[in-house]
Amino acid sequence: MPLSAFTDELGRVLRTDPTADLVVDRVAVQTVDDVAVVTLSKPEARNALSLASWRRLHTVFEQLRGHAGLRAVVVRGAGPDALAAGADIKEFPQTRLGAAAATDYNESIARALRAVSAVPAPVIASIHGLAVGGGCELAAACDVRIASTAARFGIPIGKLGVTLGYTETSAVARLIGPAELKYLLFSGEIVPAAEAHRIGLVQRLTEPGELTDTVIAFVERIRAQAPVTIRAAKLVSDMAGRPLTDIDADLLSRLHVEAYDGADLREGVAAFSERRSPVFGTKGED
Ligand SMILES: C/C=C/C(=O)SCCNC(=O)CCNC(=O)[C@H](O)C(C)(C)COP(=O)(O)OP(=O)(O)OC[C@H]1O[C@@H](n2cnc3c(N)ncnc32)[C@H](O)[C@@H]1OP(=O)(O)O
């Protein structure tokens, strides 16, 4: 798809809520060329996520993980108010749940968050409003968060009496560190976007009217670069700060071989020599 048509179409998708026929368990997936847009779609409840929605997110991101040639995923919330206000509290049981159901509930959320992180392509959270509780954790599981100055963030779960597992908190902790995580959890505060940006939860802030254009421009920058470089960039960034495992080393080694033996690098070098913009394939292969 030519760049201008891609930009127009991605803009059209991001500026409108998905039609009802695209929404399954309050989650919609749309694709624009090699970019997927995942929309949380329960605007009347600040896009709160039911168990069915968490399970659907798991399925969706598992499918996107296997989508060869995918260049980016944008995660956003329908309606004017929220990415998501967390797990659907109205679904929480009024009676005791029992060990098996409680474990299954938490594991369903953790599975969804792990699936988000496991997509090889960059996953960008576009945050125009509330990213609270599980909504904040979902945003943190994405690779990059771009937010409007009107967005708000927090994990106010103490007032509910729920607890969080390792997966739900680890992505937030990696971004802001355990001390800021403790502050958010202990205070239950919902902080403005500027504060979320200051502590590292958000990478870029925009005026509310510029969020979509900023996200599109970022996606375009990703698509203009070599697919193999971006895939390796995500891997090494995720590996930073933890000991290198044999599996990590093997993955990186394969990507080095793919890069030096593949078409992306030859195209990049040729474009540099010819003083033109590179035109990359989708998989870094011949
Ligand atoms: C592992 C993960 C665990 C979790 O995620 S636990 C859940 C953590 N999340 C929360 O505790 C946030 C709960 N929501 C709120 O505290 C407030 O909302 C906000 C501060 C986020 C926003 O306040 P405002 O803008 O005034 O909206 P409003 O009038 O409270 O909500 C509008 C409608 O949305 C429903 N809603 C909001 N959040 C949730 C939710 N998380 N689960 C279910 N429903 C929710 C409300 O009830 C209401 O609906 P109606 O108009 O029918 O009363």
Side-chain angles (χ1 to χ4, degrees), residues 17 23 25-27 38-58 61 75-117 125-142 145 147-176 178 180-196 201-202 208:
D17 288 344
V23 179
D25 290 329
R26 301 300 194 136
V27 176
V38 177
T39 308
L40 311 178
S41 299
K42 196 176 184 182
E44 72 279 13
R46 306 289 187 260
N47 298 324
L49 290 153
S50 67
L51 183 56
S53 298
W54 285 113
R55 288 187 172 143
R56 166 95 171 123
L57 277 176
H58 173 250
F61 279 92
V75 179
R76 53 122 188 204
D81 301 309
L83 173 71
D88 191 334
I89 298 166
K90 289 175 187 163
E91 196 187 55
F92 285 2
Q94 302 298 313
T95 53
R96 291 185 177 199
L97 196 56
T103 306
D104 178 59
Y105 184 80
N106 266 8
E107 187 48 29
S108 297
I109 296 177
R111 260 197 301 270
L113 297 174
R114 284 196 295 268
V116 172
S117 304
S126 172
I127 307 160
H128 65 293
L130 293 155
V132 171
C136 185
E137 294 145 24
L138 175 62
C142 298
R145 286 136 297 277
S148 146
T149 50
R152 290 186 291 151
F153 299 78
I155 314 182
I157 52 165
K159 69 181 186 329
L160 294 170
V162 299
T163 59
L164 295 174
Y166 173 82
T167 306
E168 293 96 296
T169 46
S170 60
V172 185
R174 269 199 302 278
L175 291 170
I176 67 177
E180 288 290 356
L181 173 63
K182 283 176 188 169
Y183 183 85
L184 279 186
L185 290 172
F186 295 168
S187 70
E189 260 182 51
I190 296 184
V191 301
E195 175 68 357
L201 193 49
V202 165

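Just so you know, these numbers come straight off a predicted model, no measurement behind them. Positions are given from 1 along the sequence. Just so you know, these numbers use all the heavy atoms, side chains as well, and skip hydrogens, waters and symmetry mates. Counting convention: from 1, in listed order, for ligands and their atoms alike.
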Legend entry - Nearest atoms (heavy-atom pairs only) where Ala140 meets Ala171: O-CB, 3.6 Å

Quick check on ligand 1: any N or O pairs to the protein under 3.5 Å? One line per pair.
residue, atom, partner, partner atom, Å
ligand 1, 5 (O), Ala87, N, 2.8
ligand 1, 5 (O), Gly134, N, 2.8
ligand 1, 9 (N), Ala85, O, 2.9
ligand 1, 11 (O), Lys159, NZ, 2.8
ligand 1, 25 (O), Arg46, NE, 3.3
ligand 1, 25 (O), Arg46, NH2, 3.1
ligand 1, 27 (O), Arg46, NE, 3.2
ligand 1, 27 (O), Arg46, NH2, 3.0
ligand 1, 41 (N), Ala85, O, 3.0
ligand 1, 41 (N), Ala87, O, 2.9
ligand 1, 42 (N), Ile89, N, 2.9
ligand 1, 47 (O), Lys90, NZ, 2.9
ligand 1, 49 (O), Lys90, NZ, 3.2
ligand 1, 52 (O), Lys90, NZ, 3.3

Legend entry - Side-chain heavy atoms of Leu49 within contact of Leu40, under 4.5 Å: yes

Inset, instruction - Would you please name every residue forming a side chain to side chain donor-acceptor pair (under 3.5 Å) with Asp17, sequence neighbours left out? - result: none

Legend entry - Flag for Ser170-Thr167: side-chain donor and acceptor within less than 3.5 Å: no

Legend entry - Distance in Å, Ile109 CD1 paired with Glu137 CD, rounded so as to fall on 0.5 Å steps: 7.5 Å

Inset, instruction - Could you give me the CA-CA distance, side-chain angles and deciding distance for Asp88 and Lys42, then say whether salt bridge (Lys or Arg N to Asp or Glu O under 4.0 Å) is met? - result: CA-CA 10 Å; Asp88 191 334; Lys42 196 176 184 182; 2.7 Å; yes

